[in-house]
Amino acid sequence: MTSQLVQSVDWLTIAPPVLTAAVALAVLVADLFVPPERNRLLGRTAIGGLTAALALLVPLRAGDRSTFCLTPDTRVTACSYTADHFTLVVQLLVLGGALLTALLSLDETRERLPAGEYWFLLLSSAAGAALLPASRDLATLVVALEVASLPAFALVGLKRGDRMSGEAALKFFLSSVTATAVTLLGASFVYAATGTLHLTEIAQRLDDVPGQLQTLAEAGVALTLVGFAFKTAAVPFHFWVPDTYVGAPLPVAAYLSVVGKAVGFTGLILVTVVAFPSYADVWGPALAVLAALTMTAGNVAALRQASTRAWSAVRLLAWSSVAQAGYLLVPIAAAAYSSDDQIGATVAYALMYAVVNLGAFAVVALVARVRPRNRIEDYRGLYATSPAAALALAFFLLNLAGLPPGIIGLFAKVTVFSAAVDAGLGWLAVVMALNVVIALYYYLRWTALLFRTPEEAPGEAPAGAPEETRERSPEGTRKGAAPRRAPVPLTLAIALTAAAGAVLSGYPQFVLRFAASGLF
């Protein structure tokens, strides 16, 4: 009995999230001593820490390590932390997404946001996001979820004195707190019915729950799924997304669209496929319906965005992210009808989406330096003033639409579509096909606008006015104008995401192989 209480600790296995958390604390302490004019040093430290955390994934690439187990033998299934292939791929996604977000944030922290608080919160959230995919018991899972979510509330509201930022943070906070309360209640019911917190043991004991506890177990499963549906922004729990993205600093909106979404879907995969496989006949149909509703609501709302409305570019990306959440739900629902191998399609799609969506937000952040109201109409003629940025944004949008030359976007959608067909969910495949067609319209409309003839913006200096007058005018640039000298970190973020998208388009098997074989 004594040996079963021994907690083995493999420090290398837990190194990526631990290092990220340690750098977060180091940045917070260093902020007390670093003068304001040198606050970029904090950002560089954060970028270095995230890069080192990514490098620590290399020794774990075999995917066969676990720790915090109930016995000295780390090969047993009842471990609280497992670094399998699923964990490593999601950690690559969230740490890589946090690193790109950090690149987008360097100039924001120098000009508009408090550097010390910002970097501490971003790294703390990234540490929680990196811990979550490795969590294999409900307690660790909920703690990781909150460590990833709580700093995000503050990040959204970090624009001090900005009413929209405060409102966005409040909406995000209220929705997430509700989700957490529901998740905790569900987890407590599951624990009361099974007597264990480890996911693999829950899966075994749910089959043998005594009759008097059966209703409690079913309620626990249902509440836990509802809680994670909030975190994934699935309909009808998506209402906070557009206002939160608009009110948050642009790098934070990019972070939430990728890393925040990855956190929710990772938790949903773990509780459905690992912990609740015996209830697949319940959560499978429920997730299929949620997928259909989510992709439809997101695409229809994105389609209705007026190009002249303030912040319409960010709102379109926000509703697009809701629609993408619907696509991501499809393979998880399909896993209830076929096999766990379908989960690979969600991971593959999430990797593609992370790269191209962060790239799109990077270009939006670039244009926002000249056009802070960020209307879709402001991108008219972007190719004439900034060809590289226009081509990059066109590439990202075509990937999101699933059109060439963005081959990885097309292959990812085909993989998700195939998962639905293979699982016998023909009706869901039809709904997805119709939604892809709807999405083509608004993605192509924005893409076409990039290459149209620029128009004179309201308030622009007369055509014969000196160039200096044009630059001093607050609206004195042509529509589609971008800064002449983009900040180096922002340029690097665009270049990295474009290069990653191009490489993945040339070698989609690198991602899609995860769809062909199980990750667990």
Side-chain angles (χ1 to χ4, degrees), residues 97 100-101 103-105 107-108 111-113 152 155-159 162-172 175 233 238-261 297-325 353-354 356-380 382 386 389-390 392-394 396-397 399-401 439 442-443 445-447 449-450 479-483 486 490 493-494 497:
L100 289 169
T101 302
L103 290 174
L104 296 180
S105 307
D107 282 280
E108 290 280 339
E111 300 169 1
R112 302 177 185 87
L113 302 175
L155 285 172
V156 171
L158 210 53
K159 291 194 290 186
D162 188 305
R163 182 185 61 81
M164 290 182 60
S165 179
E167 181 181 341
L170 181 61
K171 287 183 178 179
F172 186 27
S175 64
H238 66 295
F239 55 87
W240 57 272
V241 173
D243 289 341
T244 298
Y245 282 27
V246 169
L250 271 175
V252 176
Y255 178 82
L256 292 176
S257 73
V258 172
V259 179
K261 196 173 299 299
N299 281 320
V300 170
L303 188 66
R304 297 178 57 195
Q305 294 304 307
S307 61
T308 56
R309 182 184 181 185
W311 302 289
S312 55
V314 179
R315 285 188 177 276
L316 189 147
L317 288 176
W319 284 114
S320 167
S321 75
V322 173
Q324 301 290 343
Y353 169 75
V356 298
N357 207 61
L358 282 170
F361 265 104
V363 178
V364 167
L366 177 66
V367 174
R369 296 177 65 83
V370 168
R371 298 287 177 177
R373 294 181 72 82
N374 231 315
R375 299 166 296 188
I376 296 174
E377 187 66 23
D378 292 334
Y379 292 77
R380 180 185 294 273
L382 181 63
S386 184
L393 181 57
F396 298 137
L397 293 175
N399 264 296
L400 289 170
Y442 63 80
Y443 285 131
R445 181 180 62 180
W446 192 356
T447 303
L449 204 63
L450 303 173
K479 287 191 176 184
L490 190 55
I494 296 173
T497 50

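Numbers here simply count residues along the sequence, with the first being 1.
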So Phe172 and Trp240, would you call those rings parallel, tilted or perpendicular, with 30° and 60° as cut-offs?
parallel
Go through Leu449 and Ile376 one step at a time and tell me if the side chain to side chain contact (heavy atoms under 4.5 Å, CB included) criterion holds.
CA-CA 8 Å; Leu449 204 63; Ile376 296 174; 3.8 Å; yes
Would you check if Ser105 and Thr101 make a side-chain contact, meaning some heavy-atom pair closer than 4.5 Å?
yes
Verdict with reasoning, Asp243 to Arg315, per side chain to side chain contact (heavy atoms under 4.5 Å, CB included)
CA-CA 8 Å; Asp243 289 341; Arg315 285 188 177 276; 3.2 Å; yes
Do Tyr442 and Asn299 have a side chain donor and acceptor closer than 3.5 Å?
yes
Do we see a donor-acceptor contact under 3.5 Å between the side chains of Tyr443 and Asn399?
no
Does any non-hydrogen side-chain atom of Leu400 lie less than 4.5 Å from one of Tyr353?
yes
Residues which pass side-chain hydrogen bond (donor to acceptor under 3.5 Å, both in side chains) with Ser321, listed by chain and number, not counting sequence neighbours:
none
Between Thr244 (side chain only) and Ala169 (backbone N and O only), is there a donor and an acceptor less than 3.5 Å apart?
no
Before giving the answer on side chain to side chain contact (heavy atoms under 4.5 Å, CB included), spell out for Phe396 and Thr447 the whole-Å C-alpha distance, their side-chain angles and the decisive distance to 0.1 Å.
CA-CA 9 Å; Phe396 298 137; Thr447 303; over 6 Å; no
Least distance between heavy atoms, Ala493 atom then Leu103 atom:
CB-CB, 4.1 Å
Check: Pro249 and Leu113 side chains under 4.5 Å, non-hydrogen atoms:
yes
Which atom names give the shortest non-hydrogen contact between Val241 and Ala318, and what distance separates them?
CG1-O, 3.7 Å
Closest approach of Arg445 to Gln305 (non-hydrogen atoms, all atoms of both residues):
NH2-O, 3.5 Å
Could you report the tightest heavy-atom contact between Ala325 and Lys261, atom names first, then the distance?
CB-NZ, 4.0 Å
From Arg380 atom CZ to Leu450 atom CG, the distance as rounded to the nearest 0.5 Å
10.5 Å
Is it true that the NZ or CZ of Arg373 lies under 6.0 Å from the centre of Trp311's six-membered ring and within 45 degrees of the ring axis?
yes
Note: Ala362 and Leu104 closest approach over all heavy atoms is CB-CD2, 3.5 Å
Min side-chain heavy-atom separation Trp319-Arg304 under 4.5 Å
no
Atom of Ser320, atom of Ala302 and distance for their closest heavy-atom approach:
N-CB, 4.4 Å
Are the side chains of Val356 and Thr497 in touch, meaning some heavy atoms are under 4.5 Å apart?
no
Here the gap from Leu358 atom CG to Ser257 atom OG, rounded to the nearest 0.5 Å, amounts to 6.0 Å
Any heavy-atom pair between the side chains of Leu100 and Tyr255 that's under 4.5 Å?
no
Given side chain to side chain contact (heavy atoms under 4.5 Å, CB included), test Leu250 with Asn374 step by step and report yes or no.
CA-CA 11 Å; Leu250 271 175; Asn374 231 315; 3.9 Å; yes
Could I get the full list of side-chain hydrogen bond (donor to acceptor under 3.5 Å, both in side chains) partners for Lys159, not counting sequence neighbours?
none
Determine whether Arg369 and Leu490 make a side-chain contact, defined as any pair of heavy atoms from C-beta on separated by less than 4.5 Å.
yes
Are the side chains of Arg309 and Arg375 in touch, meaning some heavy atoms are under 4.5 Å apart?
no
